[in-house]
Amino acid sequence: MLLAEAEKKIAGIVDESERNVAHLLLNIGFSFLECNQKILNSDEKNIGEIDLLFTFENYLFIIEVSKDRHSGSSKKISFFSKWDRKENLNSLRKQFNLSPRKVQRIYFDLGTKKKPENSSVELDLITKKTKMNKIAYLDDYEYFVNCTKKIGSWAKNDFLDWLDFEDEKKSKVIDAIQYYIGEIPVFCFVEKVESLLHTCYVSRRRTNDVGYQRTLKENRVVGISKNIKKGDGLSFPNSILINAPDLSDEILPPEECPKAVKIHFPLSYNTCRIIDGQHRLLGFSVVPSEIRKMYSLPVIALQDYDRKKEIKTFVDVNSKQQRIDGNLILLLKADLDWKENTTEFKEKIAVGVARELNDSFFNNRIYFGMSEETKGDKITLTTLVSALVRNHQVYDSVVSTNRKLREIFSYMQQYLPNYSFKPNTYFGQNRGVSVLFRLIHLLQRNFEANKIQIPKEQFFKDLSTVLNDDAIQRLDDYYGEGGANASAHLLISELKTKFPTKYSKMESNLNQLRD
């Protein structure tokens, strides 16, 4: 059945749950066969109705979908038993003129959030004695839908891993270098991204699974895919690390390595498990195929590596890696050219502003992340740049931005001398800097919305009357971006209490000030 025809038929499924499951399976690359079909035996008697039929490779998938949270185990047992009988499967194959295929039965229980702790013993036996019977609960379904939204049809590999899918063994001979990492023999080679996406999968840690990989981060996948589309492939040149079976029948001893060898790279689905580099590889899953086909990735492969050792390797890789200091990254990015009005362009201006502020109001108290610096109690460049950019305090140049800030900072030094810029003052630390620029942004937005008509100088003069040691103590309970919002709200509430006429209409929620 053509894809367009399948989509049209699925769209006509009356039951929403069945329709949603059908869309999921179609989106991951399974082939739709039929829906809501009564199966008749040789005597033209009704055996039962099948909700969904799909095929994939040499498998036939018989799907039952239920949202009845009170159906219990009996309905599931009946489904698995009915479509395990040889005579019923023969009738099904005859009705659809199907050649013999392996049969996988999946019961989607969308009325139950996750597998019950005290499930039926009989049902457990039915689903455990064979890999061909599976129950997908609501959390399983939601996980695969979410995964599909992030990486499209390549979520198929996660689904096949969950199914314990066994593909026909296929491989190709490729060139590699065998060498040793400590006492462990490894193979290094380069392979096309398309092949790696096909054969690699991720062992994820989920509610009932014993995998170990963290949740796929959509922002990292999107970020890498954007770099790929821009042609910035060198921004992630590191090898991916995989565990693969049967690469070579002969492992050379250390004294003969490194050495060029021939290995058998698997071409079957879900053959190679990714230990490190899932985002690097899956960043290619959301780029057009014509771009994806242009790329290969370096690979380091362990052969049939012990599962426990594999997990330890994952832990070592991810716990002992040292991230580059974000402050240094901002400095490095500021040396590059960026398109106007992009986030990177604004960050570059903000870094220039920080350099000038460091020589004036902040008096060498900004931490830039350079090798000779000590962080101490300094304000970090990342905090300052983020506060400026998030709160729209970056203008078209360093000069114009500094001009605006000098005016505000001068008022602060005049009216809030005990709380501004110096060590151990509220606006002389990371938390206070975030709050300051949130307040400035709120003041500007309220002015533009005609909520208040108070000059900046008057605002800071009024702020000085409510910002005291008691207020500071309450503000110290708030942290992070949400803390900056909460702190700004608290200070505006204090202004409203003390100056009800002037500040009664001032809004501390930016969502209420949007056009």
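The chain is numbered in sequence order, starting from 1. Note that this is a predicted model, so its numbers are computed, not measured.
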Point to revise | Lys/Arg N to Asp/Glu carboxylate O, D140 vs K134, below 4.0 Å | key: no
Check your understanding: For E340, does the CD atom sit with more than 12 other heavy atoms under 6.0 Å from it, leaving out its own atoms?
Key -> no
**Study point:** Cation-aromatic face contact K404/Y395, 6.0 Å, 45 degrees
**Key:** yes
Check your understanding: So, Y503 versus D462: side-chain donor-acceptor pair below 3.5 Å or not?
Key -> yes
Review point. Hey, mind stepping through V173 and H264 against side chain to side chain contact (heavy atoms under 4.5 Å, CB included) and telling me if it holds?
Key: CA-CA 5 Å; V173 177; H264 296 274; 3.7 Å; yes
Practice item. Please determine, by modelled atom types, if D109 and Y141 share a side-chain donor-acceptor pair under 3.5 angstrom. Key: no
Study note, to complete from the structure: When every non-hydrogen atom of L302 is compared with those of P185, the smallest separation belongs to CD2-O, 4.4 Å
**Study point:** Heavy-atom check, side chain of I177 versus side chain of V261, under 4.5 Å
**Key:** no
Point to revise | Interatomic distance, I274 atom CD1 to L196 atom CG [nearest 0.5 angstrom] | key: 8.0 Å
**Study point:** Modelled atom types, side-chain donor and acceptor of D246 and S171, under 3.5 Å
**Key:** no
Practice item. State whether E250 and K262 are salt-bridged, where the test is any N-O pair (Lys NZ or Arg NE/NH1/NH2 against Asp/Glu carboxylate O) under 4.0 Å. Key: no
Point to revise | Distance-only polar pair, side chains of E256 and Q178, donor-acceptor under 3.5 Å | key: no
Practice item. State whether the side chain of S400 and the backbone N or O of S397 hold a donor-acceptor pair below 3.5 Å, judged by distance alone. Key: yes
Check your understanding: Side-chain contact, heavy-atom cut-off 4.5 Å: P298 with C188?
Key -> no
Check your understanding: Hey, are the side chains of Y367 and L381 touching, using non-hydrogen atoms and a 4.5 Å cut-off?
Key -> no
Exercise for review: Please confirm whether the backbone N or O of N270 pairs with a side-chain atom of D161, one donor and one acceptor, at under 3.5 Å?
Suggested key: no
Point to revise | Steps toward side chain to side chain contact (heavy atoms under 4.5 Å, CB included) verdict (N418, L416) | key: CA-CA 6 Å; N418 296 326; L416 295 160; over 6 Å; no
Study note, to complete from the structure: Closest non-hydrogen contact found for C257 with L252 is SG-CB, 3.9 Å
Check your understanding: Taking the side chain from S410 and the backbone from R406, do they hold a donor-acceptor pair closer than 3.5 Å?
Key -> yes
Check your understanding: F30 and F56: aromatic ring centres closer than 6.0 Å?
Key -> yes
Exercise for review: Taking all non-hydrogen atoms of both residues into account, name the closest pair between L110 and S17 and its distance.
Suggested key: CD1-CB, 3.9 Å
Practice item. Report the relative orientation of the aromatic rings in Y269 and H198; use parallel for angles under 30°, tilted for 30 to 60°, perpendicular for over 60°. Key: tilted
Check your understanding: Backbone N or O of S239 within a donor-acceptor pair of the R280 side chain at under 3.5 Å?
Key -> yes
Exercise for review: Mind checking side chain to side chain donor-acceptor pair (under 3.5 Å) for D335 and listing every partner two or more places apart, or none if nothing turns up?
Suggested key: none
Review point. Between N446 and E507, does any side-chain donor sit less than 3.5 Å from a side-chain acceptor?
Key: no
Check your understanding: Would you call V435 and L475 a side-chain contact if the rule is heavy atoms closer than 4.5 Å?
Key -> no
**Study point:** I28 side chain reached by L160 side chain, heavy atoms, under 4.5 Å
**Key:** no
**Study point:** Side-chain donor/acceptor of S487 to backbone N/O of A484, under 3.5 Å
**Key:** no
Check your understanding: Do K348's NZ or CZ and the ring of F345 fall within the cation-pi criteria of under 6.0 Å and 45°?
Key -> no
Review point. Do the side chain of N157 and the main chain of L197 share a donor and acceptor less than 3.5 angstrom apart?
Key: yes
Point to revise | Close side-chain approach of F159 and K156, heavy atoms under 4.5 Å | key: no
Review point. Could you walk me through whether T401 and Q393 pass the side chain to side chain contact (heavy atoms under 4.5 Å, CB included) check?
Key: CA-CA 7 Å; T401 304; Q393 297 306 303; 5.7 Å; no
Review point. Looking at side-chain heavy atoms only, is the closest gap between C272 and N243 below 4.5 Å?
Key: no
Point to revise | Expected output: side-chain D167 to main-chain S268 donor-acceptor under 3.5 Å | key: no
Study note, to complete from the structure: Rounded to the nearest 0.5 Å, the OG1 atom of T380 sits from the CD1 atom of I366 at a distance of 9.5 Å
Practice item. Answer yes or no: is there a donor N or O on one side and an acceptor on the other, between the side chain of D158 and the main chain of C147, under 3.5 Å? Key: no
Check your understanding: So how far is it from S420 OG to Y415 OH, rounded to the nearest 0.5 Å?
Key -> 13.0 Å
Practice item. Look at the aromatic rings of F409 and F437 and report parallel, tilted or perpendicular, splitting at 30° and 60°. Key: tilted
Exercise for review: Evaluate the salt bridge (Lys or Arg N to Asp or Glu O under 4.0 Å) criterion for residues K172 and E191: first the C-alpha distance (whole Å), next the side-chain angles of each, then the deciding distance (0.1 Å), finally the verdict.
Suggested key: CA-CA 11 Å; K172 67 176 181 179; E191 186 52 58; 2.9 Å; yes
Review point. Quick one: does K496's side chain have a donor or acceptor within less than 3.5 Å of a partner on M506's backbone?
Key: yes
Practice item. Could you pull out the closest heavy-atom pair between G283 and I224, with the gap in Å? Key: CA-CG2, 3.9 Å
Review point. Under 4.5 Å between any side-chain heavy atoms of K498 and V466, yes or no?
Key: yes
Check your understanding: How long is the span from the CD1 atom in I242 to the CD1 atom in I275, to the nearest 0.5 Å?
Key -> 8.5 Å
Practice item. Walk me through it: do D359 and N364 pass the test side chain to side chain contact (heavy atoms under 4.5 Å, CB included)? Key: CA-CA 6 Å; D359 293 332; N364 295 316; 4.1 Å; yes
Practice item. Can you see which heavy atom on L330 is nearest to which on T382, and at what distance? Key: CD1-CA, 3.6 Å
Exercise for review: Begin from the C-alpha positions of R474 and D470 and carry the test salt bridge (Lys or Arg N to Asp or Glu O under 4.0 Å) through to its verdict.
Suggested key: CA-CA 7 Å; R474 282 179 288 155; D470 179 59; 3.5 Å; yes
Check your understanding: Taking the six-membered ring where the residue is Trp, are the ring centres of W162 and F144 under 6.0 Å apart?
Key -> yes
Exercise for review: Would you give the length of the straight line joining atom NZ of K339 to atom CD of E344, rounded to the nearest 0.5 angstrom?
Suggested key: 11.5 Å
Point to revise | Over 12 non-hydrogen atoms of neighbours within 6.0 angstrom of CD in E255 | key: yes
Point to revise | Between F421 and F427, ring centroids under 6.0 Å | key: no
**Study point:** Test item: S248 side-chain N/O and I251 main-chain N/O as donor-acceptor pair under 3.5 Å
**Key:** no
Exercise for review: Say whether T383 and S386, considering side chains only, have a donor N or O and an acceptor N or O under 3.5 Å apart.
Suggested key: no
Practice item. Measure the spacing between CD of Q458 and CZ of F499 and express it to the nearest 0.5 Å. Key: 7.5 Å
Point to revise | Distance-only polar pair, side chains of R365 and N358, donor-acceptor under 3.5 Å | key: no
Review point. Salt bridge (charged side-chain N to carboxylate O under 4.0 Å, His left out): which pairs involve residues 281-300, sequence neighbours left out?
Key: E194-R292
Practice item. Could you tell me whether K114 and E142 have a side-chain N and a carboxylate O separated by less than 4.0 Å? Key: no
**Study point:** Heavy-atom closest contact (L443 atom, I454 atom, distance)
**Key:** CD1-O, 4.4 Å
Review point. Taking atom types as modelled and ignoring hydrogens, do the side chains of D469 and Q473 form a donor-acceptor contact shorter than 3.5 angstrom?
Key: no
